[in-house]
**Student:** 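My structure is below; once you've seen it, I'll send some questions.
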Amino acid sequence: MKTKPPTRATAAETFARRVLMAVSRIPAGRVATYGDIARLAGRPLAARAVGRIVATASRRGLPYHRVIAAGGALGGYGSAIQMKAALLRAEGTLTRGRRVLEFSSRRWPR
DNA sequence: ACCGTGACGGCGG
DNA sequence: GCCGCCGCCACGG
């Protein structure tokens, strides 16, 4: 019997899959930028696409709050931007205003 | 297949 | 530091 699904994996699915995998690997207490994730997923210029994928991702349990904007800016979190800071703070990543403190040393991967 | 949208990024004013 | 502009990409209607 055929167990092979009728839908072949498109390049976009592969990308999205890699994005989610990369996000899941960000350690607690560390952060990665949308651009970093895009690079890890193999599309260095697709930071914007990463934001879209993460924003519409159905998978729960992934540390989306550890994905921030370039330069250490907090970035977005839908309408719960406030919770993003709270979640980061809960694992030791402090923020001030819209900035993640000690961004350079907390950035992942090194 | 075209077009608008967005949890972005970089540069300029 | 706060806009605005434009380039980049994947996705949905």
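Numbered from 1 within each chain, the chains take letters A, B, ... in sequence-line order. A quick note: this is a predicted structure, and the numbers were derived from the prediction, not measured.
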**Student:** Hey, does A/Ala46 reach any base, or is it just sugar-phosphate, or nothing, if we go heavy atoms under 4.0 Å?
**Tutor:** sugar-phosphate
**Student:** Separation of A/Tyr34 atom OH from C/dC9 atom P, in whole Å?
**Tutor:** 19 Å
**Student:** Rounded off to whole Å, could you give me the CG-to-P distance for the A/Asp36 and B/dC8 pair?
**Tutor:** 14 Å
**Student:** C/dC9 C1' sits how many Å from A/Leu40 CG, rounded?
**Tutor:** 17 Å
**Student:** Examine the base of C/dG7 for any acceptor or donor lying under 3.5 Å from a partner atom in the side chain of A/Arg48, and report the outcome as yes or no.
**Tutor:** yes
**Student:** Counting only heavy atoms not in A/Arg30 (residues, nucleotides, ligands), do more than 12 fall under 6.0 Å from its CZ?
**Tutor:** yes
**Student:** Whole angstroms only, please: what is the CZ-C1' distance between A/Arg52 and B/dG4?
**Tutor:** 10 Å
**Student:** Please list residues of residues 66-74 of chain A whose heavy atoms come under 4.0 Å from any atom in DNA chain B, ordered by number; otherwise none.
**Tutor:** A/Ala69, A/Ala70
**Student:** Measure CZ/A/Arg98 against P/C/dC2 and give the value in whole Å, please.
**Tutor:** 7 Å
**Student:** Using OP1 and OP2 only, check whether a side-chain N or O of A/Arg43 sits under 4.0 Å from C/dA10.
**Tutor:** yes
**Student:** Enumerate donor-acceptor pairs with a distance under 3.5 Å from any side-chain N or O in residues 53-63 of chain A to protein atoms, sequence neighbours excluded.
**Tutor:**
{"residue": "A/Thr56", "atom": "OG1", "partner": "A/Arg52", "partner atom": "O", "Å": "3.0"}
{"residue": "A/Thr56", "atom": "OG1", "partner": "A/Ile53", "partner atom": "O", "Å": "3.4"}

**Student:** Could you tell me the Watson-Crick or G-U partner of B/dG4, where both distances fall under 3.5 Å? Say none if there is no partner.
**Tutor:** C/dC11
**Student:** Report the base-pairing partner of C/dG1 (Watson-Crick or G-U wobble, both distances below 3.5 angstrom), or none.
**Tutor:** none
**Student:** Which residues in residues 76-97 of chain A have at least one heavy atom lying under 4.0 Å from any atom of DNA chain B?
**Tutor:** A/Gly76, A/Tyr77, A/Gly78
**Student:** Under 4.0 Å between any heavy atoms, over every strand shown, what does A/Ala47 touch: base, sugar-phosphate, or nothing? Just pick one.
**Tutor:** sugar-phosphate
